[in-house]
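Here the structure is laid out as C-alpha cells; the discussion comes afterwards.
In this text the structure is predicted, and so the values were computed from the model without any measurement. Order of the sequence lines fixes the chain letters, A, B, ..., with proteins taken first and strands second; residue numbering starts at 1 for each chain.
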2 protein chains.
Amino acid sequence: MVSIKDVARIAGVSDKTVSRVVNREPNVTQDTIEKVQSAIDALGYIPNLAARSIRSSRTNIIGIITDYISTTPYSGDIVRGVQDWAGANGRTVLLANTDGNAEREANIWRTFKAHRIDGVLYVAMYHRTVAPASGDVSIPTVLVNSHAEAGLTYSSIEPDDFGGSYALTQHLVELGHRRIGYIRLNPLLLGANQRLDAFLAATQAGGIAENDIIVRLGMEGPIGAETNYVYREALSILSMPNRPTALVCGNDEMALQAYLAALSLGLRIPDDITIVGFDDFRTVSLALKPELTTVALPYYDLGWQGAEMLNDLAEGASAIERRILKCNLVGRQSSK
Amino acid sequence: MVSIKDVARIAGVSDKTVSRVVNREPNVTQDTIEKVQSAIDALGYIPNLAARSIRSSRTNIIGIITDYISTTPYSGDIVRGVQDWAGANGRTVLLANTDGNAEREANIWRTFKAHRIDGVLYVAMYHRTVAPASGDVSIPTVLVNSHAEAGLTYSSIEPDDFGGSYALTQHLVELGHRRIGYIRLNPLLLGANQRLDAFLAATQAGGIAENDIIVRLGMEGPIGAETNYVYREALSILSMPNRPTALVCGNDEMALQAYLAALSLGLRIPDDITIVGFDDFRTVSLALKPELTTVALPYYDLGWQGAEMLNDLAEGASAIERRILKCNLVGRQSSK
DNA sequence: ATATCGAATGTCGACGTCGTCATTTCAATT
DNA sequence: AATTGAAATGACGACGTCGACATTCGATAT
C-alpha cells in the first residue's frame, strides 16, 4: 500500500509536508500543494485511518448493535438514518447483529472495543426494554427504539407509541365512531401496552361507553414464533350482530388480515367498516386498497437523532437524555 | 486506553511476552501465562486492532455497500447473512449505503480504502445489473444480488429468478391450470424479465395455448416512485367472462393486491381462483389468508455465500466466479 | 549588507503491536 | 563441574501518521 512517505519521495518534500497538504493545514505554498497533490493523484494515495487513529485515539467509527434485524422489516430504516448521519459527518458505521444471543452480544462489545470505536448505538428492532451487556470498560452508548431496564442509566430515544395511538383513536372519535373494535399486539412488545392504553384513554375521553369497546388479543408467544389469532378474531368481531363501525389493529400486518376478513364477509372498506393500523409499514399500507390509515413510526429519525445524541455524548456531554419522538397520524382512505 | 505495555508492567514481564500470551503463541510458561492473564483481567485490556492492522496490513474488516436499503424490506437478510458469516469467522462488518447516489458511492469507496478493509460486498437490494465505482485502486469485490455490466469483470452471486419462476409455473400446470393470468413486475427489475420469460417458457412447455396467457403490466416508473396498476389489472383480469383459473403475480406485494381484488369480487381463494406470488416476503405471504404459495429468494444465503466468495478472493483466489442460487418453491394454501 | 521576523519546511519521536533476533534460563548430558 | 541445546523471555525497530520542536527561507526594515 502506498504511504505518505512514498508521496513525499515522489513530490520531493518531507512526509510532514504531505501530511500538511492532506489535512489542509495553513502555511504551505501553493506551489508545494500542487506538487504534492499531483504526487497523491499519481500514486492514488489514501491516508491510512488505522495509523491515524493510533495517534489520535479517535477512530470516527460508530458501532451499531442490532437484535432481531429481520423480524421487523422496515426497522432497517433506523440503520439507514444512522448511516446517513454518519456519512454527513465523516463517520463510518460498524454493524453487528446479536440475534438475541447473549454470548454473541458480549463478543460484539469486545470487538467494538478492540476497534476503539467512538460510541455505540444499541438498536432494538421492536420497541422494548433492554439491558446492554457492555461489560466493565465503558463506551458512550445510546439506546435506540428502546430504553434501559430499571437501574441502568443510558441515554435513549424512542417513539411515542402512546401519543400516536391516542391521535389515531381521537381521529376515529372525531369521525363519529361510537363502537370500536381493537386487536392488540403481542403483549411482549412494549408498544402493545402503550398503544392499547392510549386507545382506552382516548375512547374514554371521547365519551365512548366501556361496553362499546371490543378488545381482542391478536398474537402471543415468543417474538419471531408467535401464534396468530388475528384473522379469526377479526372475523369474529366483524360477524357480531352489533358489529363496531371501526376496527383498530395493533399494526399494519394485522390490518392486512382484518382487510381480508372484512372482504371475505362482503364488507366494503371504509363504507361498511373503517380499518386502521399502526407502523405505516408501507409495503402493506400502500398496497392495501383502499390505502391504509395508520400511524408512522419515525424509524429514520430515531436513527439520525440517535446518532446525534451519541455524538454529543462522545464529545463529552455527560447528561443522560431520554428523548421521545412523535408518531404522526397518516390519514388515508381506509377510515371514514 | 490501557495498552500492552501497561499489562506488561503490572505482570512484570516484557510487552512481547504479553503479546505472546494474547496471541496464544507457544513456548510460554504456564506460570507466566497466568500472571499475564490476571493482569489483563485486572486492567480490562483489549488489544488495539488498529495498531495490529498497521503492522499486519490486514484488518479483518469487510465492507458492505448497499443501494436502496429501504425499498425492499427483506433484503436486509442479505446483510444478516454477511454478518453471521463475519461473526463466525472473526471479521467485522463496515456498512455504508449509497441511496443510489454516485457521489456518495465514490466517497464510500474512498472511506473503505482509507480503512484498508479486506474486501467489499457490493449488495444490490433488488436483482439488477451494476457498475461499481470502485476507482483505480482495487479491492477484492463480490457483487451480491447483481452482476456486472458488460465489460466489467467481478465475481457475483445471484438468485435464480428464472428457475424459481419456472418451478412455480410448472406447479400450476401440474395442478391442471390451462388458462393463467400474469401481472408483471416493473420492467426495470432484472427479475421482472427473468420471471416472465420463465413463465412463458414453462406454460409453453406445458402445452398451454398462447391466447390462454394473459399478461399485464403491474408497475412501471423509477424504483421507489413507480406507478402501480396492480389492483386495477387484477380486477380487470378477474372480471373477464372467461377468467383464468390462476393468477401469477410478479411478487408477493402484488399478490396481496390480487387477493384484495379477488375478495372484493366475491371470489374465494383458492377455490375460485389460485393466486401465487414471488419473493416469500413473509410479512405478507404468511399474513395472507389463505397463506400464499410463492417462491423464496435466498437472501440470507446470498449474503453468507457472498462473504465466503469474497474471502476466497481476498486470500488470493484469482478466478472470477459467477454463482447462481436456487429459489425454492414454497407451496402454501393459495394454490389448488 | 545585515538584522529581524514570520512563513515554509523538515526532523524526530510516539502511538500500540508484533516480527526478528539476541539473550537468558534451565534441565539434560558428558 | 562443564557443556550443550532447547525453551523462555526480552530488546529493538518498523508499520503510517502527525504533534512538537527545529531549521531554513525570503521579504522587509535598518
So for the helix from C/dA1-D/dT30 to C/dT30-D/dA1, with five pairs setting each end axis, what is the inter-axis angle to 10°?
60°
Return yes if some donor-acceptor pair links the side-chain N/O of B/Thr32 with the main-chain N/O of B/Gln30 below 3.5 Å, else return no.
no
Interface with DNA chain D, restricted to residues 7-26 of chain A and to heavy atoms under 4.0 Å:
A/Asp15, A/Lys16, A/Ser19, A/Asn23, A/Glu25
Side chains of A/Asn107 and A/Glu103, donor plus acceptor under 3.5 Å:
no
Residue pairs, two or more places apart or on separate chains, that pass salt bridge (Lys or Arg N to Asp or Glu O under 4.0 Å) and touch residues 44-63 of chain B
B/Arg58-B/Asp118, B/Arg58-B/Glu315
Residues pairing under salt bridge (Lys or Arg N to Asp or Glu O under 4.0 Å) where one sits in residues 139-159 of chain B, two or more places apart or in two chains, turn out to be B/Glu158-B/Arg322
Is the closest side-chain donor-acceptor distance between B/Asp84 and B/Tyr300 under 3.5 Å?
yes
Distance in angstrom units between A/Ile4 CD1 and C/dA14 P, rounded
19 Å
Do the side-chain N and O atoms of A/Asn101 and A/Glu105 include a donor-acceptor pair separated by under 3.5 angstrom?
no
Of all of residues 28-39 of chain A, which get a heavy atom below 4.0 angstrom from DNA chain D, listed by number?
none
Where chain A begins and ends its contact with DNA chain D, read 5' to 3' at 4.0 Å from heavy atoms
D/dG16 to D/dA20
Is there a side-chain contact between B/Leu94 and B/Ile64 in this structure, where contact means two heavy atoms from C-beta onward sitting under 4.5 Å apart?
no
